[in-house]
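Labels below follow one simple rule: chain letters A, B, ... track the order of the sequence lines, proteins then strands, and each chain is numbered from 1.
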Number of protein chains: 2
Amino acid sequence: MPTIDREIHRFQEFLLHQGQKLTKERTALVREIFGTHYHFEADELLFKMKQKSVKISRATVYRTLELLVKSGLVRRVHLGEDHYHYEHVRGDSHHDHLVCTACGSVIEFNDPELEQRQLEICARKKFTPTFHNLQILGVCDSCRRKGEQPASPDRVMSIGEGAMRLRK
Amino acid sequence: MPTIDREIHRFQEFLLHQGQKLTKERTALVREIFGTHYHFEADELLFKMKQKSVKISRATVYRTLELLVKSGLVRRVHLGEDHYHYEHVRGDSHHDHLVCTACGSVIEFNDPELEQRQLEICARKKFTPTFHNLQILGVCDSCRRKGEQPASPDRVMSIGEGAMRLRK
DNA sequence: TCGCAGCTGAGACTTAGTCTCATCCATGCC
DNA sequence: GGCATGGATGAGACTAAGTCTCAGCTGCGA
């Protein structure tokens, strides 16, 4: 898949630039992330690799995710749960998330006016922003119509594909 | 301190309303939270109680924080670290946070225009919001002037008073 | 193809938070 | 005040997510 090869190439350039190597484990992870996942958890990724009989340890998954975040190919986000989620980046610009607390679905949005307003607030407070993180929790259209009971905001359903956990 | 007594009274009413009791442990925690802390971590609170020789277990601290969040007296927030922070609420309205990645200080702001814009985005996406969470990470004015090197965004310094941890 | 710096897996360890259960105590009733 | 009782407590085991260690492996430049 040529698109993924481009990501792998970008990752390799990033690694070489700081004297690091592109190993087969790293390549496999990039393939998995850019090939099928969008929002995912570290443990979910580990599980998928095991499912495919690609032997990669937990340590390597976490180490590689850290490198991918540093390289800018992957973003680490909070989606209202008490651990991180990751999403791959494909040259698309920054966005924020609407997270449905009933079904766990994630809707992305990008709103330049909102971003602009944030910059104004920072300027007013003499604050130099480097990064921000906005999640709006609530109920998506289809859940609202199904009349499903939203979970309480501090107990959001698992997001993503609900992959089984590897560690009992 | 009469102000704190008012908070304790509100908490007691909340508890009674659902057949729960105001114990001396819960009272002590409310006093500590409303008396001296603003943004704090669960473990920090536990440490402060131990310092004051008030014997309260970890389980009770977490259980009481949960009740305080439910009662609306305390809010649970993400400040860019991988665990929760809490802040007490004193009738003030919702606000968001600017978090300095160099010194760990937290600046609050409330911007009705920003909130309004979020509602518009939700309406456009047919999403019913219940709650949101915005942190802007960056460097505060005094750190910028000191020319301090900001920590990388994914490795934010500890926020709060840097209380020693109880568990080694 | 060789050497070695960087990488890997296995599993011990850490941190933040939850759960269990025997015992305690706040509250309502007498 | 004394008593009954159901909710609350503490100690510590347990869990989830993530980090660290170290002996052996491997990608890549010479």
**Q** Of all of residues 11-19 of chain B, which get a heavy atom below 4.0 angstrom from DNA chain D, listed by number?
**A**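 The answer is B:G19.
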
**Q** Please determine, for the side chain of A:R26, which listed nucleotide (D:dG18, C:dC7, C:dG17) has the closest atom?
**A**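 Looking only at side-chain atoms, A:R26 lies closest to C:dC7.
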
**Q** Quick one: A:E81 CD to C:dA16 C1', roughly how many Å, whole number?
**A**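 Value for this atom pair: 16 Å.
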
**Q** So A:F34 and A:H88, would you call those rings parallel, tilted or perpendicular, with 30° and 60° as cut-offs?
**A**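 It falls in the parallel class, under 30°.
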
**Q** Taking all non-hydrogen atoms of both residues into account, name the closest pair between B:V89 and B:G72 and its distance.
**A**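 Nearest pair, atom of B:V89 first, then B:G72: CB-O, 3.7 Å.
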
**Q** By nearest atom, which of the nucleotides D:dG18, D:dA11, C:dT18 is closest to the B:K55 side chain?
**A**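 Nearest to the side chain of B:K55 among the choices is D:dA11.
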
**Q** Once the angle between the rings of B:F14 and B:F11 is folded into 0 to 90°, is it parallel (under 30°), tilted (30 to 60°) or perpendicular (over 60°)?
**A**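 Ring orientation, 0 to 90° scale: parallel.
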
**Q** Parallel, tilted or perpendicular: which one describes the rings of A:Y84 and A:H78, with boundaries at 30° and 60°?
**A**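 A:Y84 and A:H78: tilted rings.
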
**Q** Measure distances between side-chain N and O atoms of B:R63 and base N and O atoms of D:dG10, and say whether any donor-acceptor pair falls under 3.5 Å.
**A**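 Yes, a donor-acceptor pair under 3.5 Å.
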
**Q** With a cut-off of less than 4.0 Å, is there a side-chain N or O of B:T60 near OP1 or OP2 of D:dG10?
**A**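 So the side chain of B:T60 is within the cut-off, an N or O lying under 4.0 Å from OP1 or OP2 of D:dG10.
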
**Q** What's the closest nucleotide to the side chain of A:E25 if the choices are C:dG17, D:dG18, C:dT8?
**A**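 Nucleotide nearest to A:E25's side chain: C:dT8.
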
**Q** Distance check needed: D:dG10 C1' versus B:K24 NZ, whole Å only.
**A**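 These atoms are roughly 11 Å apart.
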
**Q** Could you check which of D:dG10, C:dG17, C:dC7 has an atom nearest any side-chain atom of B:S57?
**A**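 The closest nucleotide is D:dG10.
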
**Q** Closest to the B:K21 side chain: C:dG6, D:dG10, D:dG6?
**A**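 For the B:K21 side chain, the nearest candidate turns out to be D:dG6.
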
**Q** Of the non-hydrogen atoms in B:F127 and A:L137, which two are nearest, and what is the gap between them?
**A**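 Shortest heavy-atom contact: CE2-C, 3.8 Å.
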
**Q** Taking salt bridge (charged side-chain N to carboxylate O under 4.0 Å, His left out) as the criterion, tell me which of A:R26, A:K48, A:K52, A:K50 meets it with A:E32.
**A**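 Per the salt bridge (charged side-chain N to carboxylate O under 4.0 Å, His left out) rule, the option paired with A:E32 is A:K52, out of A:R26, A:K48, A:K52, A:K50.
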
**Q** Assuming nearest nucleotide by heavy-atom distance, tell me which of B:A59 and B:Q20 is located more 5' along DNA chain D.
**A**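 It is B:Q20 whose nearest nucleotide is closer to the 5' end.
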
**Q** Rounded off to whole Å, could you give me the CD1-to-P distance for the A:I56 and C:dT8 pair?
**A**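 Rounded to the whole Å, the gap is 8 Å.
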
